[in-house]
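Only one structure is covered here, and it is reproduced in the block below.
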Amino acid sequence: MFRVVHARILKRISFAFILAFFCAWFIFLQTSSFDALPASGVEQRAIYHGPQDKNRVALTFNISWGDERAAPILSFLKENNVPATFFLTGEWAEKHPELVEQIAEDGHDIGNLGYNYESYVGMKPDKIQSNLIKAANVFDKLSVKTTSFARPPNGHLNPDVIQALDKNGYQTIHWSINTEDWKNPGKEKILENLADAKSGDILLLHASDSAQQTLVALPDLLKKLQDKDLVPVTLSALIEDMSLNTEEVQ
């Protein structure tokens with residue numbers, strides 16, 4: 001009798017463990033930097049980095065909320081003659097038209113981060129389309145020049161997302177180096193995260209108010225790039241005249 005009960009307990013424990021494992025795996029897929037899911041066998045690609053023979057890198061900043069961090073970062077970039085690429089949500093742009101105009105006037109690229117900062121994974125294609133169009137309409141009203149670059153919020157990707165962006169005329173942009181500045185890990189950790197930076201890299205940074213240490217790290221960040229003979233350019237300049245360096249998302 002004891003053996004039967006013991007076996008039943010072990011079976012229940014095993015079932016609970018397996019269930020917990022699959023639940024954890026599902027959560028991981030939903031929250032990881034990108035999701036790899038099938039899309040009817042159609043090859044889809046995202047741009048992670050540019051050519052590795054021109055000693056160039058692209059600084060890219062995401063902005064989805066706040067105005068305290070963006071303005072000082074823009075001033076620093078202007079003072080140091082550093083071009084960059086800003087991915088903006090339409091909702092943020094609508095609330096801060098003067099900063100959007102400054103980004104454009106300073107010669108930075110502007111990319112589409114959607115209207116709301118909401119993951120596209122699992123979102124219906126028509127909703128993704130309306131989100132992108134709503135953001136694009138904001139930029140049109142502000143009369144600022146934008147690029148054909150779009151970055152899915154949180155960097156969440158799967159082939160369906162890339163296909164939706166492509167159908168709306170956008171190139172999907174990811175990154176090769178995540179500085180994780182939004183975690184506010186300290187300047188040294190941010191710099192450590194880009195220690196392996198090389199020609200062609202796309203660096204992910206943030207200028208939302210949550211990124212409190214990005215500006216503090218920027219002077220040393222530029223010095224590290226300079227020591228590697230790497231020149232910051234806009235994303236447009238990084239990938240111009242190249243056979244797009246992409247990675248397949250399955």
Check this for me: Asp196, atom CG, are more than 12 non-hydrogen atoms of other residues, nucleotides or ligands nearer than 6.0 Å? no
Lys228 side-chain N/O to Ala195 backbone N/O, donor-acceptor pair under 3.5 Å: yes
Applying salt bridge (charged side-chain N to carboxylate O under 4.0 Å, His left out) to Lys223 and Asp220, what does each step give before you reach the verdict? CA-CA 5 Å; Lys223 179 64 167 56; Asp220 288 334; over 6 Å; no
Keeping Asn168 on the side-chain end and Ala164 on the backbone end, is there a donor-acceptor pair under 3.5 Å? yes
Can you classify the ring geometry of His206 versus Trp182 as parallel (below 30°), tilted (30 to 60°) or perpendicular (above 60°)? perpendicular
Of Leu113, Leu99, Asn62, which is the lone residue that meets side chain to side chain contact (heavy atoms under 4.5 Å, CB included) with Trp92? Leu99
Hey, quick one: are Leu230 and Leu222 part of the same hydrophobic cluster, counting side-chain heavy atoms closer than 4.5 Å, chains of contacts allowed? yes
Under 4.5 Å between any side-chain heavy atoms of Phe76 and Pro219, yes or no? yes
Exam field: side chain Thr179 to backbone Leu204, donor-acceptor pair closer than 3.5 Å: yes
ILVMFWY network linking Ile177 to Leu218, side-chain heavy atoms under 4.5 angstrom: yes
Residue from Thr85, Thr234, Thr146, Thr147 passing side chain to side chain contact (heavy atoms under 4.5 Å, CB included) with Ile110: Thr146
Is it the case that Glu91 and Tyr117 place a side-chain donor and acceptor less than 3.5 Å from each other? no
Treating Ile, Leu, Val, Met, Phe, Trp and Tyr as nodes and any side-chain heavy-atom pair under 4.5 angstrom as an edge, say whether Leu203 and Val231 lie in one connected cluster. no
I'd like to know whether Glu240 forms a salt bridge (charged side-chain N to carboxylate O under 4.0 Å, His left out) with Arg56, so could you lay out the CA-CA distance, the side-chain angles of the two residues, the decisive distance to 0.1 Å, and finally the verdict. CA-CA 11 Å; Glu240 68 179 354; Arg56 295 176 176 180; 3.5 Å; yes
Test side-chain hydrogen bond (donor to acceptor under 3.5 Å, both in side chains) on Asp109 and Ser236; report intermediate values, then the result. CA-CA 7 Å; Asp109 277 355; Ser236 295; 2.7 Å; yes
May I ask you to check whether Asn154 and Tyr120 show a side-chain donor-acceptor distance below 3.5 Å? no
Is a side-chain donor-acceptor pair under 3.5 Å present for Thr60 with Arg151? yes
Between Val82 and Ile103, is there a shared hydrophobic cluster once you connect ILVMFWY residues whose side-chain heavy atoms come closer than 4.5 Å? yes
Quick one: does Asn112's side chain have a donor or acceptor within less than 3.5 Å of a partner on Gly114's backbone? yes
Between Glu118 and Lys127, does any NZ, NE, NH1 or NH2 come within less than 4.0 Å of an OD or OE carboxylate oxygen? yes
Val138 with Val144, same ILVMFWY side-chain cluster at under 4.5 Å: yes
